[in-house]
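Working notes for the structure below.
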Amino acid sequence: MLSYIFFLCVALVNAYSDPGACSGACWAHDPNVIQRESDGSFFRFSTGLGILISSASSIEGPWTDLGYALPNGSTVTVGNASNLWAPDVHYVDGTYYMYYASSALGSRDSAIGVASSTTLEYGSWTDHGEIGVTSNDADEYNTIDPNWITIGDASYLQFGSYWDGIFQVEMTDSLTASGDDYTNLAYNASGNHDIEAAFMFEYEDYYYLTFSSGTAQGYTTSLPAQGDEYRIVVCRSSTGTGDFVDKDGTACTNSGGTTVLASHDYVYGPGGQGVLDDPTYGLVVYYHYADKNIGLAVSEYQFGWNNLTWTDGWPVVA
Ligand SMILES: *[C@@H]1O[C@H](CO)[C@@H](O)[C@H](O)[C@H]1NC(C)=O
Ligand SMILES: *[C@@H]1O[C@H](CO)[C@@H](O)[C@H](O)[C@H]1NC(C)=O
Ligand SMILES: *[C@@H]1O[C@H](CO)[C@@H](O)[C@H](O)[C@H]1NC(C)=O
Ligand SMILES: *[C@@H]1O[C@H](CO)[C@@H](O)[C@H](O)[C@H]1NC(C)=O
């Protein structure tokens with residue numbers, strides 16, 4: 001009986017479904033997925049050697065790689081403008097805006113920039129450069145991993161990686177941040193403070209702040225201690241502009257965060273996530289992961305997604 005109960009507990013802890021189907025070009029890294037308004041087709045943006053655009057007729061594929069969004073780099077002068085990261089695309093009044101980061105691994109010499117397009121296609125993107133959110137090695141934040149949301153009549157950008165964690169700044173318009181009044185939304189006081197890749201969405205009465213916690217990459221060089229690899233975490237708030245807590249009520253500015261998806265079976269280090277309202281499956285969480293059957297290098301990461309269900313107002317990957 002005891003061993004049966006033990007088995008049941010282990011089974012519950014590991015009860016994540018396999019990722020949904022993916023066909024065609026399924027490599028992804030820090031993916032951001034948006035459906036095109038005009039025809040419902042899916043566009044995926046990844047951190048490659050620049051921002052790789054892929055498209056498909058459904059989230060399951062077949063995915064086709066189209067090329068880089070800004071093949072000639074960006075006019076941003078901070079970081080490395082020929083190696084842009086962490087795209088975040090949204091639609092406002094006929095135009096798609098893409099925020100991106102310019103930085104170098106482990107450096108806080110970073111800036112967030114923006115480009116726009118009316119079609120999402122390869123060759124359609126116009127760069128507008130920096131939005132006024134930059135950091136350097138004197139700051140306790142890193143201005144990478146942008147993520148846009150509208151709350152009421154205002155727009156905000158979440159950003160941050162390591163150091164003091166995830167921050168939010170209000171936007172004046174799509175191309176410009178309101179200033180350098182940054183609100184801390186999440187901070188992990190432990191270890192090396194390794195949370196990043198914020199993605200916020202609204203559902204019913206709350207704003208949900210997802211982020212990735214743990215070691216993102218380098219798995220082929222040295223495997224993190226079990227549980228220290230990337231995983232997807234969530235906090236929620238009724239305002240979206242502060243007071244985020246996890247399921248236990250712990251403040252997310254005080255190391256809180258409830259796991260949504262972690263390594264399981266052949267899936268290792270899921271993260272770089274986003275949430276999409278899929279026309280067939282409803283809310284899905286999508287992400288990149290290392291498939292243990294394929295390889296653990298960033299160049300081998302796979303695009304994954306799962307249905308989200310809800311338990312007591314918290315998103316669950318069943
Ligand atoms: C998502 O849910 C649908 C039922 O709505 C099910 O058919 C499908 O297998 C689920 N997909 C995944 C990846 O779990
Ligand atoms: C990139 O630069 C090349 C060479 O100057 C030019 O032919 C091409 O049109 C540029 N591409 C974009 C998207 O600006
Ligand atoms: C900038 O990124 C490019 C593309 O990855 C790389 O070749 C180059 O070495 C980087 N430059 C610096 C200064 O890190
Ligand atoms: C915070 O960091 C510690 C130490 O790395 C880790 O054990 C814990 O899971 C992290 N919590 C969150 C919510 O990221």
Side-chain angles (χ1 to χ4, degrees), residues 15-23 29 47-52 58-61 68 70-74 76-85 100-107 109-110 160-166 185-198 209-216 224-236 244-265 267 270-271 276-287 289 298-299 302-310 316-318:
Y16 300 120
S17 304
D18 286 347
C22 183
S23 66
H29 181 211
T47 299
L49 288 171
I51 294 159
L52 180 65
S58 85
I59 197 163
E60 301 177 280
Y68 291 100
L70 297 173
N72 295 339
S74 147
V76 169
T77 53
V78 180
N80 185 348
S82 59
N83 186 16
L84 305 173
W85 293 350
Y100 58 80
S102 172
S103 187
L105 213 56
S107 163
D109 284 322
S110 312
S161 167
Y162 287 64
W163 285 279
D164 282 356
I166 311 293
L185 301 184
Y187 169 61
N188 189 337
S190 303
N192 58 357
H193 323 294
D194 51 4
I195 64 172
E196 58 187 2
L209 174 67
T210 66
F211 53 88
S212 303
S213 176
T215 301
Q226 192 183 349
D228 286 351
E229 75 277 18
Y230 240 23
R231 67 191 159 95
I232 301 168
V233 166
V234 68
C235 300
R236 76 180 188 190
F244 283 89
V245 295
D246 69 11
K247 198 175 175 181
D248 297 329
T250 303
C252 292
T253 47
N254 189 23
S255 306
T258 298
T259 299
V260 176
L261 182 66
S263 298
H264 66 97
D265 305 302
V267 174
L276 175 87
D277 193 1
D278 184 86
T280 307
Y281 299 113
L283 283 190
V284 301
V285 58
Y286 60 81
Y287 50 88
Y289 68 100
V298 172
S299 61
Q302 299 292 302
F303 178 67
W305 62 274
N306 287 91
N307 296 325
L308 277 183
T309 59
W310 293 85
V316 174
V317 170

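Source: prediction; values computed, not measured. One-based numbering, in listed order, for ligands and for the atoms of each. Atoms considered below: every heavy atom in the structure, side chains included; atoms not considered: hydrogens, waters and symmetry mates.
- Aromatic pair Tyr281/Trp305: ring centres closer than 6.0 Å.
- At a threshold of 4.5 Å between non-hydrogen side-chain atoms, the residues Thr215 and Asp194 count as touching.
- Scanning the protein heavy atoms around atom 11 (N) of ligand 4, the nearest turns out to be Asn188 ND2, 2.9 Å.
- For the pair Leu70/Leu84, a side-chain contact is recorded, criterion being any heavy-atom separation below 4.5 Å from C-beta on.
- Shown in contact with Leu49 at under 4.0 Å from a heavy atom are these atoms of ligand 3, numbered in order with element: 5 (O).
- For atom 2 (O) of ligand 3, the nearest non-hydrogen atom of the protein is Asn80 ND2, 2.4 Å.
- Taking every non-hydrogen atom of Gly20 and a distance limit under 4.0 Å, the qualifying atoms of ligand 1 come out as 13 (C).
- If you look at Asp246 next to ligand 4, there are no close heavy atoms at all, none under 4.0 Å.
- Using 4.0 Å as the threshold, Gly256 has a heavy atom nearer than that to some atom of ligand 4.
- A donor-acceptor pair is defined here as one N or O able to donate and one able to accept, closer than 3.5 Å; such a pair exists between the side chain of His29 and the backbone of Thr47.
- Atom 9 (O) of ligand 3 is not flagged as protein-proximal [any protein heavy atom, distance under 4.0 Å].
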When you look at Ser263 and Glu229, which way does the side-chain hydrogen bond (donor to acceptor under 3.5 Å, both in side chains) test go after all the steps?
CA-CA 8 Å; Ser263 298; Glu229 75 277 18; 2.6 Å; yes
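- Taken to the nearest 0.5 Å, the CG atom of Asp246 stands 5.0 Å off from the SG atom of Cys252.
- Residue Asp194 has no nitrogen or oxygen atom sitting less than 3.5 Å from a nitrogen or oxygen atom of ligand 4, judged on distance alone.
- Between the CZ atom of Arg231 and the OG atom of Ser212 there is a distance of 10.0 Å, given to the nearest 0.5 Å.
- Residues Tyr287 and Pro19 have side chains in contact (heavy-atom distance under 4.5 Å, counting atoms from C-beta outward).
- Less than 6.0 angstrom separates the ring centroid of His264 from the ring centroid of Tyr16.
- For ligand 4, the atoms sitting less than 4.0 Å from at least one non-hydrogen atom of Arg231 are 8 (C), 9 (O), 10 (C), 11 (N), 12 (C), 14 (O), numbered in the order shown with element in parentheses.
- For the atom pair Leu185 CG and Ile195 CD1, the distance stands at 9.5 Å (nearest 0.5 Å).
- Under the 4.0 angstrom criterion, atom 14 (O) of ligand 4 counts as having a protein heavy-atom contact.
- From the protein, the heavy atom lying nearest to atom 4 (C) of ligand 4 is Ser190 CB, 3.7 Å.
- Considering each of Leu308, Asp18, Asn307, the one bringing a non-hydrogen atom nearest atom 1 (C) of ligand 1 is Asn307.
- Contact of the Trp310 side chain with the Val316 side chain is not registered, since no non-hydrogen atoms from C-beta on lie closer than 4.5 Å.
- Residue Ser213 has at least one N or O atom closer than 3.5 Å to an N or O atom of ligand 4.
- Within the 4.0 Å heavy-atom shell around ligand 3 one finds Ser82.
- Under a 4.0 Å criterion applied to the non-hydrogen atoms of Ile195, ligand 4 contributes the atoms 14 (O).
- Contacts between Ser255 and ligand 4 below 4.0 angstrom, taking non-hydrogen atoms only, involve the backbone exclusively.
- Residue, atom and distance of the protein heavy atom nearest to atom 7 (O) of ligand 1 are Tyr281 CE2, 4.7 Å.
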